[in-house]
Amino acid sequence: MENVLGLRCIQCGKELAPEPGVYTCPACGSKAGIMDVIYDYSAINKITSREKLSQSKDYSIFRYLLFLPIHPETPRPHLRVGWSPLYKPPGLGKQLGMSNLYIKDDGQNPTASLKDRASIIAVVKAVEEKAPTVSCSSTGNAASSLAGSAAAMGLKSVIFVPSRAPQGKVAQLLIFGAKVISVQGSYEDTFRLSAEAIERFGWYNRNAAINPYLVEGKKTVALEIAEQFHWEVPDWVVLSVGDGCTIAGVWKGFKDLYQAGWIERLPKIVGVQSTGCCPLVDAFLENRPWQPAEENTLADSIAVGVPRNPDKALRAVCESGGTMIAVPDEEILEAMRELGRTSGIFGEPAGVTGMAGLKALVKQGVIGADEKVVAIVTGNGLKDVKNAIAAVGEPIKVEPSLDELMGKL
Ligand SMILES: *Cc1c(COP(=O)(O)O)cnc(C)c1O
Ligand SMILES: [Zn+2]
């Protein structure tokens, strides 16, 4: 990996070589010692450029191979991950009173969430490290995406999910042939058990916060936004936050491009949580260390009371000059309805939480009506049909008779 210089601890700055099995800083420990992958931007710029990239026919995250911490020769799964569409839905813009609103629909990945960007890197790294089995704990999407990528790569997967994981996601796991462990407890309990088992059995660890390579996969959503805008960076990028890895990845992506000299400025990043579970929003708004929170939200993918990547997440928002906001679950369901009805895009609750927060910030005047904004839809609504029905209600029931239909329309 001539493009990668090494790993750097975000806590103490210590640098390490990117060796197999090294995920966290030994000096700071596995909680605080989260690492960043550092790149040799001049080496990258010797091999590629924005112009060369525009000739690439690879419409997947691997078009950015030089910005990824993998060996170019390692076999890669056939699944097409990334290069999701960036839309400008006119009806949605009108509804929110915004003239420059874009939606990046990451529900269009192979297993229908942004997590595929990380999971595909996980299985490539697992092959590089000769690990036959990959494992993670997840609120749902990291699990289903890891199982899908593992199946495509011919690896085994062992997945830990909390008992409340929606059925659509559990169905995906079983279809992809994962060994599924449904932990009768919270996400926190699930994470802890998976960490113990991973250590005991020596599986490849996809738990995103402590695995620095996965944030690198997630950052490709930012690389794509920049390229899809012809390297004109938006004013704001808005998305939901659970563990904090996705928002950290988005910021890392823009920073890499900036440091490589490919973009002239950086966007402001907005992180959104549900008021039912918002430890990071509270920490940000009250300018204090985060504290564990209850997990009282129907947005299961961001129901994370004990976030695993809080420092990177808060740093992303602060460094960018962005902000954070929490919205009640009713506003998340309303965002689901509005997005669906104005633009034909179906997001799961956590998938549209960013949009719900955006709406609130526009109302408050924090984000201007004419600013260029991207809201990332992080997951598809078919994963969680129960909450979708809760958002919109039941269909009109009629006997097969036109007369009866007339009376009900
Ligand atoms: C995982 C997930 C998030 C949040 O990502 P974190 O890295 O946990 O902050 C948001 N939306 C969806 C659909 C997700 O699956
Ligand atoms: Zn350290």
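We count ligands from 1, going down the list as the structure has it; atoms in each ligand are counted the same way. All figures in this text were calculated on a predicted structure; none of them were measured in a lab.
At the Zn ion (ligand 2), the angle from SG in Cys12 to SG in Cys9 is 110° when rounded to 10°.
Of all protein heavy atoms, the one closest to atom 11 (N) of ligand 1 is Thr378 OG1, 2.7 Å.
Listed by number with element, the atoms of ligand 1 under 4.0 Å from a non-hydrogen atom of Gly242 are 4 (C), 6 (P), 8 (O), 9 (O). Near Lys218, with a cut-off below 4.0 Å to any heavy atom, the atoms of ligand 1 are 7 (O). Residue Glu348 approaches ligand 1 through these ligand atoms, each under 4.0 Å from one of its heavy atoms: 13 (C). Close contacts of ligand 1 with Ile302, meaning ligand atoms under 4.0 Å from a residue heavy atom, involve 3 (C), 4 (C), 10 (C). Taking every heavy atom of Gly379 and a limit of under 4.0 angstrom, the matching atoms of ligand 1 come to 13 (C).
Comparing heavy-atom distances from atom 10 (C) of ligand 1 across Ala313, Pro307, Ser240, Gly244 singles out Ser240 as nearest. Compare Ile247, Asn141, Asp116 by their heavy atoms: the one nearest to atom 15 (O) of ligand 1 is in Asn141. For atom 14 (C) of ligand 1, the choice among Gln273, Lys169, Lys115, Lys312 with the nearest heavy atom turns out to be Lys115.
For the 3.5 Å distance criterion, the side chains of Thr74 and Glu128 qualify, holding a donor opposite an acceptor. A side-chain donor-acceptor contact under 3.5 Å links Tyr39 and Glu216. Side-chain polar atoms of Asp116 and Thr111 form a donor-acceptor pair below 3.5 angstrom. Side-chain contact check for Ser145 and Ser119: at least one donor-acceptor pair (N or O, by modelled atom type) lies under 3.5 Å. Asn207 and Tyr23 form no side-chain donor-acceptor contact under 3.5 Å, judged by distance and modelled atom types alone. Between the side chains of Trp262 and Asn45, at least one donor-acceptor pair of N or O atoms lies under 3.5 Å.
Under the 6.0 Å distance and 45° angle rule, Lys372 counts as a cation-pi partner of Phe229. With a 6.0 Å cutoff to the six-membered ring centre and a 45° limit on the axis angle, Arg76 counts as a cation-pi contact of Phe62.
The N/O atoms of Asp243, backbone and side chain alike, include one that comes under 3.5 Å of an N/O atom in ligand 1. Polar contact check, Cys245 against ligand 1: a nitrogen or oxygen pair lies under 3.5 Å apart. By the 3.5 Å distance cut-off applied to N or O atoms, Thr246 is counted among the residues near ligand 1.
A heavy-atom separation below 4.0 Å is found between Val241 and ligand 1.
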When you look at Glu224 and Trp83, which way does the side-chain hydrogen bond (donor to acceptor under 3.5 Å, both in side chains) test go after all the steps?
-> CA-CA 6 Å; Glu224 287 174 17; Trp83 204 256; over 6 Å; no
